[in-house]
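Predicted model only: the values in this text are computed from it and were never measured. Starting from 1, each residue takes its place in the sequence as its number.
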Amino acid sequence: MSFLLETIRLGLANLRLQLLRSILTALGIIFGVAAVITMVGIGEGSTQQALAEIERLGARNVIVRSQKPPEAGSQQRGGNRSFVLRYGITRADLAVVEDNFPDVKLVPLKEVGAEVLRGPLRAVSQTYGTTPEMSEVARLTIDRGRYLTSSDLDTRAMVAVIGSEIKSKFFAAEEPVGQSIRIDDKVLEVVGVLEPVGLSGGAGAALVGRDLNLDVHIPITTAKEVFGDTVIRRESGSTQGSNVEIAEIYLESPSRERVLADAAVLRRIMDTRHPGLTDIGMVVPRELLQTAKRRAITGQWIAGAIAGISLLVGGIGIMNIMLATVTERTREIGIRRALGATRKHIVSQFLVETGVLSSVGGMVGVLLGLGLTIAIGTLVPVLPQVPLIGQFVPADVTLPTTISLWSVVVSFLVAAATGLVFGLYPARKAARQDPIVALRHD
């Protein structure tokens, strides 16, 4: 024990004699560890956000939605300035799905209206007729008021539940519940406001095809009887209409284990009724979740490998400095050998020095990496408010970060091991010095 303590003391003393060089040597390890933790933190944060958005769609859900077929674009390019296109899910499709899935929860959505209006304010309509089960299946929560009820469906009530962005746009300084909005020329009473949905941008919005915070939900019976199936939109001097009976179907399986099997059956049914699925799209959050997790693991390994190059560079720097140190201390090595030090003692002394360099560098790198990870996640969202810089940054920019324990532990252990591995060759070279030749060295 006394030999080990004495070796550590001598190693630390030698590092203090060349303090600036020791610090510069450790910088490679410091930045390498910090890079690993920061890159993994950014990657993990972005991955967790994407996974949360996918999970938000419901791990037991399968979403089928009507989508405009490719030939619709050719009609527009061909100069047809006024037409009505029929496509998507029909009520007959819905009946077939209900017959094949008697034990699952099915929630249809029917799109209606071209515009949402209130006084001089207007917005493109994202109004959907649906059922009270929609709030449960889509995991919607009410901020104020209430959601749709069975009574609303039975009486074909002219009521609406609006998304958070609709509330902000049309009722910025007012209480919306009890007020009225118009869908085209139809007046509806606002009975509830939804809490903000985290799928308003990024991966989530891409999956559902729209910002859910702009949705307006009305009873599906009202949508069918009052608004009908045809939606007419006037854009750039042309009139374009769509005739879609059912815009979306949410299917909630009884268990997560059945989701993929139900999705496969549903896909076959729709492919039979809509060959090629040109006007039908399907979103299976569980499939997406599994794929995203696999990609996340791959991305973490790639990020760690790239950042690990910095550790390799740091290790090479330690080897380079220690080789130079061996040359500088050749005479000292000869004296130690003449006084009875064995090769083992010399190897131990040099390995202690490289171990201390890499370990201290690793600890500083961990602290720096944690600080950078927290700072990035905290400061990036406020960049739009920073003078001069803010004008070049999107207003809704975010860069979520998550500190991963495994990245901290692994990067530190790799840093410590790097110092020992790259310090082994200089240590062995020093120990193999001929004592007589070493004593003659100037």
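Shown here are the side-chain hydrogen bond (donor to acceptor under 3.5 Å, both in side chains) partners of Gln126, two or more places apart in sequence or in another chain: Asp215. With sequence neighbours left out, Arg268 forms a side-chain contact (heavy atoms from CB on, under 4.5 Å) with Ala264, Val265. Scored by the side-chain contact (heavy atoms from CB on, under 4.5 Å) test, Val414 finds Leu311, Val410, Thr418 as partners (sequence neighbours excluded). By the side-chain hydrogen bond (donor to acceptor under 3.5 Å, both in side chains) test, Ser404 pairs with no residue at all, sequence neighbours left out. For the side-chain contact (heavy atoms from CB on, under 4.5 Å) test, no residue two or more places apart in sequence or in another chain qualifies with Pro381. Residues satisfying the salt bridge (Lys or Arg N to Asp or Glu O under 4.0 Å) criterion with Glu133, sequence neighbours excluded, are absent altogether. For Glu98, the salt bridge (Lys or Arg N to Asp or Glu O under 4.0 Å) criterion is met by no residue, not counting sequence neighbours. Among residues two or more places apart in sequence or in another chain, the side-chain contact (heavy atoms from CB on, under 4.5 Å) test is passed with Glu252 by Arg60, Asn61, Lys105, Val137, Arg139. Legend: residues meeting salt bridge (Lys or Arg N to Asp or Glu O under 4.0 Å) with Asp93, ordered by chain and number and at least two apart, are Arg273.
The only option from Val62, Ile63, Leu266 that meets the side chain to side chain contact (heavy atoms under 4.5 Å, CB included) definition with Val284 turns out to be Val62.
Formation of a donor-acceptor pair under 3.5 Å by the Ser66 side chain with backbone atoms of Ile246 is found in this model. Between the side chain of Ser407 and the backbone N or O of Ile403, no donor-acceptor pair lies under 3.5 Å. The main-chain N or O of Val96 is found under 3.5 Å from a side-chain atom of Asn100 such that the two form a donor-acceptor pair. Side-chain atoms of Asp279 come within 3.5 Å of backbone atoms of Gly88 as a donor-acceptor pair (strictly under, hydrogens ignored). No side-chain donor-acceptor contact under 3.5 Å links Thr402 to the backbone of Ile42. Ser411 contributes a side-chain N or O that, together with a main-chain N or O of Val408, makes up a donor-acceptor pair within less than 3.5 Å.
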- Kindly determine whether Asp103 and Arg258 satisfy side chain to side chain contact (heavy atoms under 4.5 Å, CB included), including the steps that lead there. CA-CA 12 Å; Asp103 60 338; Arg258 267 192 51 179; 2.6 Å; yes
- Query: Passes side chain to side chain contact (heavy atoms under 4.5 Å, CB included), Leu194 versus Ile142? Steps please.
  - Reply: CA-CA 5 Å; Leu194 297 173; Ile142 291 291; 3.7 Å; yes
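Of all heavy-atom pairs spanning Gly362 and Ala415, the tightest one is CA-CB, 4.1 Å.
Every pair tested for salt bridge (charged side-chain N to carboxylate O under 4.0 Å, His left out) that includes a residue from residues 23-42 fails, sequence neighbours excluded, so the list is empty. Identified under the side-chain hydrogen bond (donor to acceptor under 3.5 Å, both in side chains) test for residues 354-377, with sequence neighbours left out: none.
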What side-chain donor-acceptor pairs closer than 3.5 Å can you find for residues 112-120, not counting sequence neighbours?
| from | atom 1 | to | atom 2 | distance (Å) |
| --- | --- | --- | --- | --- |
| Glu115 | OE1 | Arg122 | NH1 | 3.2 |
| Glu115 | OE2 | Arg122 | NH1 | 3.2 |
| Arg118 | NH1 | Phe170 | O | 3.0 |
| Arg118 | NH1 | Glu174 | OE2 | 3.2 |
| Arg118 | NH2 | Glu174 | OE1 | 3.2 |

